[in-house]
Amino acid sequence: MALKTLKDLFLDELRDLLSAEKQLVKALPKMAAAAANPVLQSGFEKHLRETENQVERLKQVFEVIGETARAKTCVAMEGLIEEGGEIIEEDAEPAVKDAALIAAAQKVEHYEIAAYGTLVTWAGMLGHKKAVTLLSQTLKEEKATDDKLTQLAETSVNPAAARK
Ligand SMILES: [Fe+2]
């Protein structure tokens, strides 16, 4: 697709993010299964449900701007998930693996926070108020997930890993 306008760019980025979220829906159950810390495990499970909802919310965004919900392979998310997969396969001390899983998950969240932040700004410039509202909701969820991961790392996972 030729990127002639900001609208084209917005749509292109939206399709990238739809791919990213769909990839994450497949990856999160594996992250949850690999986590030893029960709070981390349930955190991944909770974020899986949130992510499924974020896929639906993205589809709503396509709808409100009158476009077809089509995904375009997000290569960045493929790479981040591949790295997460390497951690899952690693023969590691459980507490150390948990610390690594949090690091991988936070890289994903930071990617998403950057992407949604940009989309919120562009939606605003394009006058798509409904899209701004929807995308902002997801941005808020991603930030909250990132904060929870930081808190869990600082209060229990990193100290447990440091004892090994
Ligand atoms: Fe997400």
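Only this structure's heavy atoms are used, side chains among them; waters, hydrogens and symmetry mates stay out. Order of appearance sets the numbers: ligands from 1, and atoms from 1 within every ligand. Each residue takes its place number in the sequence, starting with 1.
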**OP:** Quick one: the OE1 of Q54, the Fe ion (ligand 1), OE2 of E142 angle, rounded to 10°, please.
**Re:** 90°
Original post:
Does E21 bring an N, O or S atom to under 2.8 Å of the Fe ion (ligand 1)?
Top reply: yes
Original post:
So does E112 have any N/O/S atom less than 2.8 Å away from the Fe ion (ligand 1)?
Top reply: yes
Subject >> D98 side-chain N/O to N37 backbone N/O, donor-acceptor pair under 3.5 Å >> reply: yes
Subject >> E142 (side chain) donor-acceptor with E112 (main chain) under 3.5 angstrom >> reply: no
Original post:
How long is the span from the CG atom in L14 to the CG atom in L135, to the nearest 0.5 Å?
Top reply: 6.5 Å
Subject >> Distance-minimising heavy-atom pair for Q23 and C74 >> reply: NE2-O, 3.1 Å
